[in-house]
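Each residue takes its place number in the sequence, starting with 1.
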Amino acid sequence: MSTQGTSVSSEQRGYGRGLILGLTMAESMLLLVFCLLLAAGAIIARERSTSEHIKADKLAVEVELQKQEASNALLEEKLEVFRKTVAGSDELEKEWRELELAKTKVDQILETGLTLEEVVPMAGRLRDSGLTANDIERLAPAIKVLRDKVVVSPAKQTPEEQLLEVVRKAKESEGNAKPHEWPPIISLSETNGYFFKSGSAELSPSFDAALRENTAGQIADIAAKYAVDVVEVIGHTDEQKISRLGSNLDAELQDVLGGTAPVGVLHPADNAGLGLARAIAVAKVLKSVPALQAVTILPMSGAQLILPDDTLTNGTQAGDVKSRRRIEIRVRKRNSPSTTEVGAKIQ
């Protein structure tokens with residue numbers, strides 16, 4: 001009995017060791033597999049849900065892209081319409097300007113005394129004669145005068161031919177007219193060796209000699225050729241600032257002009273005063289030359305304002321510029337005859 005009891009007890013203990021939480025190994029394995037299947041199912045469900053969301057997002061993006069493409073196409077259409085509108089407006093504006101120009105030319109032609117009824121039939125004849133509407137426009141003053149002066153026989157020429165004759169004569173008179181010839185301007189700059197002392201109106205010896213020996217004779221020849229009696233001497237400077245605080249030109253100018261004080265006593269405080277002082281120095285020398293006794297010499301200042309090409313400075317050329325430090329001499333006729341000289345005549 002005891003052997004038998006021991007065997008049963010041993011089997012019970014072995015059976016108990018094969019149980020996990022009261023389950024057999026087979027049952028435990030089935031439970032584990034079931035749990036794994038549940039986990040796999042949950043993962044698959046989650047991935048499927050994510051996939052569905054991705055598909056939905058992709059579809060939404062595609063829909064948005066389609067809307068954007070449609071919007072872009074609409075914008076392109078509007079832009080093309082705008083381009084055509086702008087191009088059309090430019091063309092319209094161009095045509096309008098041409099019409100305005102044509103109207104102006106017609107008005108100028110009508111000012112000659114010609115009528116549209118006369119001008120329109122003449123267009124072909126004018127073109128054949130080498131004359132254009134621009135010719136008539138330019139010759140309008142001459143046509144006005146000649147139309148009343150040209151006498152032709154109606155039996156020999158039609159009114160159209162008479163008008164063509166007037167226009168042709170006006171053009172011929174224009175071709176024979178000589179252009180107005182202006183007196184030359186004499187420019188004496190440091191670039192060509194005409195020097196003053198720095199910041200002063202005192203002439204260098206070579207400058208003084210050149211004025212007496214060359215420039216005075218040149219001015220006398222020009223004055224005789226053009227029948228002028230006024231010589232303007234204009235002093236120009238560069239844009240270097242003068243550091244002197246005070247000017248004595250107001251106090252000393254008349255003495256220098258009257259010959260009782262030398263030019264060296266003048267102390268200008270700005271470029272306007274320096275230009276005037278230098279013009280006075282040159283004018284005094286020229287006036288002492290016998291050949292220029294019959295003309296009035298007027299000293300003037302252009303300061304730093306006028307460039308050598310007769311344009312106003314923009315103020316950006318500060319510094320040492322020799323070509324701007326110059327004396328310009330211009331001749332002209334007196335404004336009005338008078339027994340009393342007005343202005344700064346150098347005695």
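For the atom pair OG1 of T313 and CG of L307, the computed distance is 5.0 Å after rounding to the nearest 0.5 Å. Annotation: the span from E76 atom CD to S71 atom OG amounts to 10.5 Å, rounded to 0.5 Å. The line from CD1 of I329 to CD1 of I219 is 3.5 Å long, rounded to the nearest 0.5 Å. Distance check: L276 CG to I280 CD1 gives 4.0 Å after rounding to the nearest 0.5 Å. Of the inter-residue distances, the one linking I186 atom CD1 with R326 atom CZ reads 14.5 Å to the nearest 0.5 angstrom. Taking CD from E239 and CG from D320, the interatomic distance works out to 12.5 Å, rounded to the nearest 0.5 Å.
Here the closest non-hydrogen pair linking P262 and V256 is O-CG2, 3.6 Å. Pairing each heavy atom of I234 with each of S301, the nearest pair is CG2-C, 4.2 Å. Nearest heavy atom pair, residue S247 against residue P268, reads OG-CA, 3.9 Å. A pairwise comparison of heavy atoms in A201 and A281 identifies O-CB, 3.3 Å as the closest pair. Minimum interatomic distance between H236 and E328 (heavy atoms only, all atoms of both residues): NE2-OE1, 3.5 Å. Between R334 and T296, the shortest heavy-atom distance links the atoms NH2-OG1, 2.9 Å.
The shortest side-chain heavy-atom distance between Y194 and L211 does not fall under the 4.5 Å cut-off. Between V61 and E64 the shortest side-chain heavy-atom distance does not fall below 4.5 Å. Within the 4.5 Å cutoff, side-chain heavy atoms of P184 are placed close to those of Y226.
With K197 contributing its side chain and G264 its backbone, the two residues share no donor-acceptor pair below 3.5 Å. Not one N or O on the side chain of D208 forms a donor-acceptor pair closer than 3.5 Å with the backbone of L203. Proximity of a side-chain donor or acceptor of K287 to a complementary backbone N or O of V295 within less than 3.5 Å is detected. A distance-only check finds no donor-acceptor pair linking the side chain of S51 to the backbone of E47 [under 3.5 Å]. Remark: the backbone N or O of Q304 is paired with a side-chain donor or acceptor of R324 at under 3.5 angstrom. Judged by distance alone, the side chain of N271 and the main-chain N or O of Q240 form a donor-acceptor pair under 3.5 Å. The backbone N or O of S323 sits nowhere less than 3.5 Å from a side-chain atom of S189 that would complete a donor-acceptor pair.
V233 and F195 fall into different hydrophobic clusters, where Ile, Leu, Val, Met, Phe, Trp and Tyr are joined by side-chain heavy atoms under 4.5 Å apart, directly or via other members. Hydrophobic clustering, with ILVMFWY side chains joined whenever heavy atoms are under 4.5 angstrom apart, keeps V321 apart from F196. If you chain together hydrophobic residues whose side chains sit under 4.5 Å apart, L249 and L274 never meet in one group. When the side chains of ILVMFWY residues are joined at heavy-atom separations under 4.5 Å, either directly or via intervening members, V228 and I297 end up in a single hydrophobic cluster. Cluster annotation: V263 and V265 are assigned to the same hydrophobic cluster (Ile/Leu/Val/Met/Phe/Trp/Tyr, side-chain heavy-atom contacts under 4.5 Å, transitive).
Remark: D250 CG is loosely packed, at most 12 non-hydrogen atoms of other residues, nucleotides or ligands lying under 6.0 Å away.
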(request) Begin from the C-alpha positions of K284 and S288 and carry the test side chain to side chain contact (heavy atoms under 4.5 Å, CB included) through to its verdict. (result) CA-CA 6 Å; K284 288 192 69 175; S288 68; over 6 Å; no
(request) Report the C-alpha distance between T237 and R278 in whole Å, list the side-chain angles of each, state the deciding distance to 0.1 Å, and finish with yes or no for side chain to side chain donor-acceptor pair (under 3.5 Å). (result) CA-CA 9 Å; T237 71; R278 289 179 171 179; over 6 Å; no
(message) side chain to side chain contact (heavy atoms under 4.5 Å, CB included), that's the test. Do V285 and F207 meet it? Break it down for me.
(response) CA-CA 10 Å; V285 172; F207 196 172; over 6 Å; no
(request) Any chance you could lay out the side chain to side chain contact (heavy atoms under 4.5 Å, CB included) test for V33 and L37, step after step, and finish with the verdict? (result) CA-CA 6 Å; V33 170; L37 289 173; 4.1 Å; yes
